[in-house]
Amino acid sequence: MTQVDGQGTQPDGGERDRAATVRVFIALAPPDEAKDELAAVLRPAYETYPHMRWNRIEDWHITLAFLGELPVATVPPLRRPLAELAASREPVELALRGGGHFDERVLWSGIDGDLDGLHRLATDVRAVVKEYGIPFEDRPLRPHLTLARARRDDRSSVTDVAASLAGFTGRAWRAARLHLVGSDFGRGPGPIRYRDIESWEFVGP
């Protein structure tokens, strides 16, 4: 994910309103090798179902906490505590495995590996957010990697591709960094673009 500051402004009123806020989440990202492995398995589906709204491979991520739309001024205070949290934690070993869907609309790949460690990390990340008084919907963590969304008039494609991923088992990898991500890029008719606001390496004790 490309790093940006997420705090630009635009000249007209509507653009200024959008620039004054950013949609924020905190996430992990698989390494390129793991993404390339899954992308190779998905290549026939890309060709067979080009009408699906496929996420860009560089945007694949595992969300730990979705904070929603925030004023840009509320984001900088999160940087230091998240940096300290990452510095205190060892990388979590994970793998991509299988596939599924939410309501025949959203296609995902599952997550395997140290799920207990992943849940502990998500709990600690959310505690940091709560400590700084940022309200968000604290939903139970369902670890997954979102791959695509169906068009409104075609849901069968998602279930078909999910079935084709049932036997997929990816290589193990270590989540190297904690990412604070903004998705205020690409709003409007085009796809949303995710960009790092900042990220921090997991260092360990």
Side-chain angles (χ1 to χ4, degrees), residues 1-30 35 52-89 101-103 105-109 111 118-119 121-152 175-202:
M1 296 182 184
T2 304
Q3 184 164 320
V4 298
D5 61 17
Q7 298 185 40
T9 58
Q10 301 292 335
D12 64 81
E15 291 297 317
R16 277 199 304 270
D17 290 343
R18 287 202 295 271
T21 64
V22 58
R23 189 169 297 136
V24 177
F25 58 89
I26 301 164
L28 304 178
K35 292 189 291 187
M52 289 176 61
R53 297 169 57 195
W54 292 98
N55 286 8
R56 299 189 311 165
I57 294 173
E58 55 266 44
D59 289 339
W60 285 355
H61 63 271
I62 303 166
T63 300
L64 301 177
F66 180 74
L67 310 189
E69 198 85 14
L70 299 177
V72 293
T74 67
V75 177
L78 285 171
R79 292 180 172 182
R80 181 172 180 177
L82 288 175
E84 292 173 350
L85 174 60
S88 71
R89 303 294 290 265
H101 60 85
F102 297 133
D103 299 325
R105 290 291 304 277
V106 179
L107 174 70
W108 49 261
S109 176
I111 307 300
L118 181 61
H119 279 269
L121 175 61
T123 297
D124 290 346
V125 163
R126 295 176 186 204
V128 166
V129 176
K130 292 174 183 177
E131 181 180 349
Y132 277 78
I134 296 177
F136 69 101
E137 190 171 356
D138 192 2
R139 296 180 178 179
L141 181 68
R142 300 176 65 181
H144 67 279
L145 194 74
T146 299
L147 304 174
R149 290 171 172 79
R151 300 290 181 181
R152 291 185 179 275
R177 304 184 72 84
L178 182 66
H179 298 262
L180 178 64
V181 186
S183 60
D184 58 336
F185 299 87
R187 293 181 186 176
I192 293 175
R193 298 293 190 237
Y194 302 115
R195 297 291 187 272
D196 272 1
I197 296 171
E198 194 163 344
S199 69
W200 305 272
E201 184 179 3
F202 292 112

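All heavy atoms count here, side chains included; hydrogens, waters and symmetry mates do not.
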Supply the atom-to-atom distance Leu28 CG to Phe202 CZ, rounded to the nearest 0.5 angstrom.
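Between Leu28 CG and Phe202 CZ, I get 5.0 Å after rounding to 0.5 Å.
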Once you round to the nearest 0.5 Å, how far does NE2 of His101 lie from CG of Asp103?
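Here the rounded value is 8.5 Å.
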Phe102: partners by side-chain contact (heavy atoms from CB on, under 4.5 Å), with sequence neighbours left out
Val106, Trp108, Arg142, His144
Not counting sequence neighbours, which residues clear side-chain contact (heavy atoms from CB on, under 4.5 Å) with Ile134? List them please.
Leu70, Leu78, Val129
If the test is side chain to side chain contact (heavy atoms under 4.5 Å, CB included), which one of Ile26, Leu180, Val72 qualifies with Ile197?
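Of the listed residues Ile26, Leu180, Val72, the side chain to side chain contact (heavy atoms under 4.5 Å, CB included) partner of Ile197 is Leu180.
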How about Glu58 and Tyr194: do any of their side-chain heavy atoms sit closer than 4.5 Å?
no
Partners of Phe136 by ring pair (Phe, Tyr, Trp, His ring centres under 6.0 Å), sequence neighbours excluded?
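For Phe136 there are no ring pair (Phe, Tyr, Trp, His ring centres under 6.0 Å) partners, ignoring immediate neighbours.
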Return the set of residues passing salt bridge (charged side-chain N to carboxylate O under 4.0 Å, His left out) with [X] (not counting sequence neighbours), or none when no residue passes.
| X | value |
| --- | --- |
| Glu201 | none |
| Arg126 | Asp138 |
| Glu137 | Arg139 |

Do Phe66 and Arg23 pass the side-chain contact (heavy atoms from CB on, under 4.5 Å) test, and can you show the C-alpha distance, the side-chain angles, and the key distance before you say yes or no?
CA-CA 9 Å; Phe66 180 74; Arg23 189 169 297 136; 3.8 Å; yes
Short N-O contact, Arg89 and Asp124, less than 4.0 angstrom:
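Here Arg89 pairs with Asp124 in a salt bridge, since their nearest N and O are under 4.0 Å apart.
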